Amino acid sequence: MSYNTNEIQRIETKWQKIWDEKKIFKSGVDNGREKYYVLEMFPYPSGKIHMGHVRNYTIADVIARFRMMQGLNVLHPMGYDAFGQPAENAAIKRGVDPAEWTYGCIDEMTHELKRMGFSYDWDRSLSTCDAEYYKWNQWIFLKMFERGLAYKKESPVNWCPSCDTTLANEEVINGACWRCKSEVQQKNLSQWYLKITDYSERLLKDLDLLTQWPERVVTMQKNWIGKSFGVEIFFRIGDSALFQEGNRALSPILKVFTTRPDTIFGATYVVLAPEHPLVDAITTPANKASVEAFKKEVAGVSKSERVSGDLEKKGIFTGSYVVNPVNQELIPVWIADYVLMDYGTGAIMAVPTHDQRDFEFAKKHQLPMKIVIQDPAWPDLKVEQMDAAYVEQGNLTGSAQFDGMNNQDAMQAIGEWMEKSNIGKTTVHWRLRDWLISRQRYWGTPIPMIYCDTCGVVPVPENQLPVELPKKIQITGQGGSPLAYCQDFVNVKCPKCGKPARRETDTMATFFDSSWYYLRFCSARNSSQVFDKQEAKYWMPVDQYIGGIEHAILHLLYSRFFTKFFKDLGLVDFDEPFVRLLTQGMVLKDGEVMSKSRGNTVDPDTILVKYGADPLRVCILFAAPPEDQLEWSDGAVDGSWKFLNRLDRLADERFKGVKVGYDFKTLSGAAQELERERNATIKKVTGDLETYKFNTAVSAMMIMLNSIEKFVPQNEIDQAVFDQTLRSFVLMLAPYAPHLCEELWQKMGSDVTSVSQVKWPQYDEASLQRAVVEVVVQINGKLRSKLEVPVELNEAQVRELALKDEKIQKWVEDKPVRKFIYVQGRLINIVV
RNA sequence: GGGCGGAUGGCGAAAUUGGUAGACGCGCUAGUCUUAGGAACUAGUGGGGCGACUCAUGGAGGUUCAAGUCCUCUUCCGCCCACCA
């Protein structure tokens, strides 16, 4: 056989058919066997797979096939995250039906994935746009509603004018829409939220359980959840006259959140966010006009601009004063654009001497400053000398009874003291916001809620699920949710009172769909439950999850939240869905991320046609470690192809199928060396696969193939060693190049259906031993000679040998040996 | 501003975790076989030097018998977060 394009196509098609027909990768619960759940982040079905997919899924496939051969019961499913905007946009542009378009893409993509030879259990495949899937989205939503975790509220939301929909906080990147990069606007809308903030503490604490996640993902989640400890300080509003008439409902107390209570004695003014509810009440008549103007000005600035750090801080005086509760000083109240309403209390105390933003603001507006922390090394800092805030550690000054205290200790002490004196309260603030899930789009899961004029907001009863997405409707892409124009959908009887009512016409954010699909895979065809509890108990949690770093916050945080919710429902008994996480690096071309918009993509299809799936798989794993970026080069596929070609020829021409027992100790020198290398390579490759060093495993196999080629059997025993080596080789390479290895394994006389069912090769520690080792000899740390040393020699004997060496003698001459270092079987360093 | 990664030949990358720097592969050079080669095989391939040698892991110091690896400082590059009080 020759390993050419035709032959490769023949082999690949042949084996893909066998895997499919004989259901080689079908998985089922088997309580007698240890399970292993490998999962890659399921794709949006765009139709074509790209190199990023190829890389992601090849990594997963090698892991899956390796674990299978190790005898584990592997679950390796694939499905589609099929709701979302591209289908809808296609509908708007070309008038196609989103469902038809999506299912067409799914078929195409499935075909491409099969051509790559991935070991999926296709019987478990699912698409989130299937009614039998999204029905359970609705069910989950109702369960959350029952528990007060899904609620509707009106508030300012992120609005993408281009996608014509609201966005979650997590979907806003630098003030722009994560999908289309349009600048996000603020709108006041009544929308559905999930109360993920109820889980803040658990989402944070359980990060400790994720010891097998990349540290940076854990850190990103930690920062996103953003727990900060501090004190809410109560400032009495000085001019209480403001509250005498007409404003009785307002509390004359202004609450300010700070993480730096140690600086409270240095607070010289207070700043409110322009949107703060007290602003109107405290603004004095004289300042009314200018404050109004300022508020208008700020409202005109987009959030992305307002948030872009280098903007000059603008602010204005309200005319009012508050009393600093620790020293009764009257300090002015300002409003400024650098204070955000949606964090803390929307009000801050400003300590210009010890906060850079406050410092800049105070300088600009000539507000007073007061130093309350001094550097112990330079304790005489004066306000006039400062050109920046002093933000380092130090000792308190001008802070009454706390003077001299280290500011770290003072944080705690002042907080406690304030609490006792009832002028403040130690609190915790979170950065995490509730999750806005309403989308004014068609191609998503309808939110199962009904609005009745009599009964108010009424959930759709469980037995009426799914609320199906109406088909064949007009999608214009303008004017809110398309469902609102579908009268058959909107008009419904109230489930409570039977009177005419209206359905919710928004759909769910697609991140809802992907927050629990890994559980659905455990019992994908179950029509009576969200998932089968017993099957989930067996398969979950996912042992290895693989996907892009871009999901470090969004998808992974939401999935963790859902899992905890399911635990509270009693459906699962674990806290975290993904035990081990691998974030694969991006695929680059010419130093840039491969992307359609850059036009530098390489279509996997062209590689498949030219080389086949196996060379592509080997190449992409060999080119870089899985977490690193991978620079694509066509030439590298050539190399992988050559490697497989050499293996194929070798098996074809020199494999004889000799099966004779042999003893390592009695083998000829060359055969023993090959046998030793066979064992060493098994050890190396096994270890590398356990630790996901796929690239070095390939290189170890390349080295082994070089040795096999050089080995010329002299007799039947030699041939037996040769054949055995080749057998081990094919088994080790099978996860990487499954088609070729299936073919070779069959030719080698196997009676199993698939090489994936053969036990992973084992190595024998005794066969790793060498009689002689090479020891490097250094003089003063520089390499001067190498010695062949029998392993059994002790240090004294090795020393003698080294000093007798010609090259070494030249360097040592008659200089006294100051020091002699011997690293067993490896190195000698002689210091003269 | 904060956090996390990086930096090793022409290129992708290895380096037993402090012990032969550049494994393996791509590319390149020469040769063999060929009507031909974008096939296969053989040899070579970090820089300098005819050579013994010597210089080399972004840069500068340090620790050590020994540093790509540890410590201090520094320069670039990438990613994430960010007026978060």
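Chain naming here is simple, since letters A, B, ... match the order of the sequence lines and numbering starts at 1 in each. Since this is a predicted model, take the numbers as computed values, not measurements.
Taking the side chain of A/Trp811 as heavy atoms from C-beta on, and the options B/rU54, B/rG12, B/rU20, the nearest nucleotide is B/rU54. When each of B/rA14, B/rA23, B/rA85 is scored by its nearest atom to the side-chain atoms of A/Tyr343, the top-ranked nucleotide is B/rA85. Minimum atom distance to the side chain of A/Phe622 is reached by B/rC24, of the listed B/rA15, B/rC24, B/rC84. The side chain of A/Arg431 approaches B/rC84 more closely than any other nucleotide in the set B/rA15, B/rU20, B/rC84. Picking from B/rU20, B/rG12, B/rC65 the nucleotide with the shortest atom distance to the side chain of A/Ile821 gives B/rC65. Side-chain proximity of A/Trp224 to B/rG25, B/rC81, B/rC4: nearest is B/rC81. Distance from the side chain of A/Leu827 is smallest to B/rG19 among B/rG19, B/rA13, B/rG3. Checked against B/rA40, B/rC84, B/rA13, the side chain of A/Lys642 finds its nearest nucleotide in B/rA40.
Note that CD1 of A/Ile282 is 8.5 Å distant from CD1 of A/Ile335, once rounded to the nearest 0.5 Å. Atoms CG and CG, on A/Asn645 and A/Leu650 in that order, are 11.0 Å from each other to the nearest 0.5 Å. The CE atom of A/Met341 sits 5.0 Å away from atom NE2 of A/His276, with the distance rounded to the nearest 0.5 Å. One distance of note links CG of A/Leu740 with CG of A/Leu647; it measures 5.5 Å at 0.5 Å rounding.
The partner of B/rU72 is B/rA60, judged by Watson-Crick or G-U wobble contacts that both fall below 3.5 Å. The base-pairing partner of B/rG25, taking Watson-Crick or G-U wobble contacts with both distances under 3.5 Å, is B/rC11. In this structure, B/rU35 makes no Watson-Crick or G-U wobble pair, since no nucleotide meets both defining distances under 3.5 angstrom. Figure legend. B/rA85 is base-paired to no nucleotide; pairs are counted as Watson-Crick or G-U wobble with both atom distances under 3.5 Å. Across all strands shown, B/rC79 forms a Watson-Crick or G-U wobble pair, both distances under 3.5 Å, with B/rG3. Remark: B/rA30 base-pairs with B/rU42; criterion is Watson-Crick or G-U wobble with both hydrogen-bond distances under 3.5 Å. Under the Watson-Crick or G-U wobble criterion, with both distances below 3.5 Å, B/rG51 is left unpaired in every strand shown.
Here A/Gly226 lies out of heavy-atom contact (under 4.0 Å) with every strand. Across all strands shown, A/Lys810 has heavy atoms under 4.0 Å from sugar-phosphate atoms exclusively, and none from any base. A/Asn223 comes within 4.0 angstrom of no nucleic acid atom, judged by non-hydrogen atoms across all strands. Using a 4.0 Å heavy-atom criterion, one finds that A/Ile703 contacts the sugar-phosphate atoms exclusively. Using a 4.0 Å heavy-atom distance criterion, A/Val831 is classed as a sugar-phosphate-only contact. Across all strands, A/Gln629 comes closer than 4.0 Å only to sugar-phosphate atoms, never to a base (heavy-atom distances). In this structure, A/Asp628 reaches neither bases nor backbone, as no heavy-atom distance under 4.0 Å exists between it and the strands shown. Here A/Asp355 lies out of heavy-atom contact (under 4.0 Å) with every strand. At the heavy-atom level, A/Lys782 lies under 4.0 Å from the strands shown only through sugar-phosphate atoms. Using a 4.0 Å heavy-atom criterion, one finds that A/Arg784 contacts the sugar-phosphate atoms exclusively.
For the pair A/Asn695 (side chain) and A/Phe622 (backbone), a donor-acceptor distance under 3.5 Å is absent.
For B/rC41, the OP1/OP2 oxygens have a side-chain nitrogen or oxygen of A/Arg649 closer than 4.0 Å. The phosphate of B/rU64 has neither OP1 nor OP2 within less than 4.0 Å of any side-chain N or O from A/Lys819. Contact annotation: A/Asn706 side-chain N/O to B/rG25 OP1/OP2 distance is under 4.0 Å.
Base orientation of B/rU35: anti, since the glycosidic angle falls outside 90° of 0. Glycosidic torsion of B/rG46 falls outside 90° of 0, placing the base in anti.
For the pair A/Trp632 CH2 and B/rC26 P, the interatomic distance rounds to 15 Å; values are reported in whole Å. For the pair A/Glu806 CD and B/rA52 P, the computed distance is 15 Å after rounding to whole Å. Straight-line distance from the CE atom of A/Met586 to the C1' atom of B/rG6: 15 Å, rounded to whole Å. The separation between A/Ile348 atom CD1 and B/rA85 atom C1' is 5 Å, rounded to whole Å. Here the P atom of nucleotide B/rG27 and the CH2 atom of A/Trp641 are 12 Å apart, to the nearest Å. Atom P of nucleotide B/rG1 and atom CD of A/Glu392 are separated by 13 Å, given to the nearest angstrom. Rounded to an integer number of Å, the gap from OH of A/Tyr338 to C1' of B/rG1 is 15 Å. Taking atom CZ of A/Arg216 as the reference point, atom P of B/rG78 lies 15 Å away to the nearest angstrom.
A/Arg826 contributes a side-chain N or O that forms a donor-acceptor pair with the base of B/rU16 under 3.5 Å.
B/rG12 and B/rG18 have their C1' atoms separated by 27 Å, with the value rounded to a whole Å. B/rC33 and B/rU42: their P atoms are spaced 15 Å apart (whole Å). Here, B/rU72 and B/rG3 have their P atoms 15 Å apart, quoted to the whole Å. To the nearest whole angstrom, the two C1' atoms, one in B/rG59 and one in B/rU75, are 7 Å apart. Using C1' as the reference atom, B/rG46 and B/rC11 are 13 Å apart when rounded to the nearest Å. Comparing the same atom, C1', in B/rG68 and in B/rU57 gives a spacing of 5 Å after rounding to whole Å. If you take atom C1' in B/rG31 and the same atom in B/rU20, they sit 31 Å apart, rounded to whole Å. B/rA7 and B/rU54 have their C1' atoms separated by 25 Å, given to the nearest Å.
Neither side chain, A/Asn223 nor A/Arg431, offers a donor N or O lying under 3.5 Å from an acceptor on the other.
Where A/Glu774 and A/Ser633 meet RNA chain B, the nucleotide closest to each residue was compared, and A/Glu774 sits on the side nearer the 5' end. With RNA chain B read from its 5' end, the first of the two nearest nucleotides for A/Ala624 and A/Gly346 is the one closest to A/Ala624.
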- Dump the intermediate steps for ring-ring contact (aromatic ring centres under 6.0 Å, His included) on A/Phe361 and A/Phe359, then the final yes or no. CA-CA 5 Å; A/Phe361 192 81; A/Phe359 182 84; over 10 Å; no
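Checked against a 6.0 Å centroid threshold, the rings of A/Trp435 and A/Phe511 do not count as neighbours.
A/Val256 is not listed as a side-chain neighbour of A/Glu232, based on a closest heavy-atom distance of 4.5 Å or more.
Using a 4.0 Å cut-off between a side-chain N of Lys or Arg and a carboxylate O of Asp or Glu, A/Asp638 and A/Lys642 do not qualify as a salt bridge.
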